[in-house]
Chemist: 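Starting off with a structure, shown below.
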Amino acid sequence: MNKLLSPLSLGPYVLRNRVVMAPLTRTRAGERNVPREMNVEYYRRHASAGLIITEATPVSPYGLDLGPDRFRRLITGEMRLIAAGGYKPADAESLLERGDAEAVAFGRLFIANPDLPRRIALDAKLNVYDRSTFYTRETKGYTDYPSLEQQEAANRQSAVQEKEYVEVER
Ligand SMILES: Cc1cc2nc3c(=O)[nH]c(=O)nc-3n(C[C@H](O)[C@H](O)[C@H](O)COP(=O)(O)O)c2cc1C
């Protein structure tokens, strides 16, 4: 996944990787759509993305139903193309290798994997997203998917408990 994890210059910025977070979960804002503490926590947990797009709308009607290869022809000069929609890390890597986009935005996979770039770097297993929690206003399915670190800590904890249990059994 060399390309996906390589930096990309975008205007005045240098993105540390090309794993972009798609705009998601707008429904989670609070009263009268004002962001709240839970939204801060969500973006904090996803901060390893090369770029986070918090909201978006199709750039033009021509943008609809065009694959990245066809969209490509409309992009000139310093413009960068970020592809999105149904990508898995391996497909995204091939797309970048073909030069059909400069970065890839992940949506559902990023919701469920707050540390997605790290998981891609380590070729680690991805958490499975829970569709039933997508358009709710709750923290469940928003800030409670575990990072690898949290999963490793939980595994260590259960290994310790297992050992204690075996020792008591003897
Ligand atoms: C649960 C969910 C919530 C979304 N919320 C928003 C949103 O608030 N604003 C927006 O512009 N797009 C939103 N989208 C559209 C995604 O940004 C877009 O479909 C993206 O390409 C999905 O990537 P994926 O196929 O990797 O999941 C949402 C998509 C999903 C699945």
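These values consider heavy atoms only, across backbone and side chains, with no hydrogens, waters or symmetry-generated copies. Note that ligands are numbered from 1 as they come in the structure, with each ligand's atoms numbered from 1 the same way.
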Chemist: If you measure every N/O of Phe134 against every N/O of ligand 1, is any gap under 3.5 Å?
Modeler: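 Between Phe134 and ligand 1 (N or O atoms, distance only) the closest approach is not under 3.5 Å.
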Chemist: Would Ile111 count as being in polar contact with ligand 1, using the rule that some N or O on each side must be under 3.5 angstrom apart?
Modeler: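 Looking only at distances, the answer is no, because the N/O contact criterion of under 3.5 Å is not met.
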Chemist: For the 3.5 Å polar cut-off, considering only N or O atoms, please tell me whether Phe106 and ligand 1 meet it.
Modeler: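 No; every N/O pair is 3.5 Å or more apart.
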Chemist: Any N or O on Arg108 sitting closer than 3.5 Å to an N or O of ligand 1?
Modeler: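 Yes; the residue has a nitrogen or oxygen that sits under 3.5 Å from a nitrogen or oxygen of the ligand.
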Chemist: Which atoms form the tightest heavy-atom contact between Gly50 and Leu15, and what is the distance?
Modeler: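 Closest pair (atom of Gly50, atom of Leu15, distance): O-CD2, 3.6 Å.
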Chemist: I'd like to know if Asp144 and Lys140 make a salt bridge, using a cut-off of under 4.0 Å between side-chain N and carboxylate O.
Modeler: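 Not counted as a salt bridge, because no side-chain N and carboxylate O are separated by less than 4.0 Å.
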Chemist: Has Leu24 got any heavy atom lying under 4.0 angstrom from an atom of ligand 1?
Modeler: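 Contact present.
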Chemist: Could you tell me which atoms of ligand 1, counted from 1 in the order shown, lie closer than 4.0 angstrom to a heavy atom of Ala84?
Modeler: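 Once the distances to Ala84 are compared, the set is 21 (O).
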Chemist: Answer yes or no: is there a side-chain heavy-atom contact under 4.5 Å between Leu24 and Tyr142?
Modeler: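 Sidechains of Tyr142 and Leu24: no contact.
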Chemist: Any atom of ligand 1 sitting under 4.0 Å from a heavy atom of Phe110?
Modeler: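 The answer is no: ligand 1 sits nowhere under 4.0 Å from a heavy atom of Phe110.
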Chemist: Would the number of heavy atoms belonging to other residues, nucleotides or ligands and lying under 6.0 Å from CG of Asn2 be above 12?
Modeler: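 Check fails, neighbour count at 12 or below.
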Chemist: Which option, Pro23, Ala29, Ala92, Gly107, owns the non-hydrogen atom nearest atom 12 (N) of ligand 1?
Modeler: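 When every heavy atom of Pro23, Ala29, Ala92, Gly107 is considered, Pro23 comes closest to atom 12 (N) of ligand 1.
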Chemist: For ligand 1, which atoms sit closer than 4.0 Å to a heavy atom of Gly86?
Modeler: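 Result: 24 (P), 25 (O), 26 (O).
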Chemist: Please assess Tyr129 against Phe134 for the test ring pair (Phe, Tyr, Trp, His ring centres under 6.0 Å), listing each intermediate value before the final yes or no.
Modeler: CA-CA 9 Å; Tyr129 52 78; Phe134 275 174; 5.5 Å; yes
Chemist: Are any non-hydrogen side-chain atoms of Pro23 and Thr54 less than 4.5 angstrom apart?
Modeler: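 Sidechains of Thr54 and Pro23: no contact.
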Chemist: Considering only heavy atoms from C-beta outward, does the side chain of Phe106 approach that of Leu4 to under 4.5 Å?
Modeler: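 Sidechains of Leu4 and Phe106: in contact.
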Chemist: Applying side-chain contact (heavy atoms from CB on, under 4.5 Å) between Arg18 and each of Ile82, Leu10, Leu8, Leu5, report the one that passes.
Modeler: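 Exactly one pass, corresponding to Leu8.
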Chemist: For Ala22, take its heavy atoms, then give the atoms of ligand 1 lying under 4.0 Å from any of them.
Modeler: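 Every atom of ligand 1 under 4.0 Å from some heavy atom of Ala22: 17 (O), 20 (C).
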Chemist: Within the 4.0 Å heavy-atom shell around Gly85, which atoms of ligand 1 are there?
Modeler: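 Atoms satisfying the 4.0 Å criterion: 21 (O), 25 (O).
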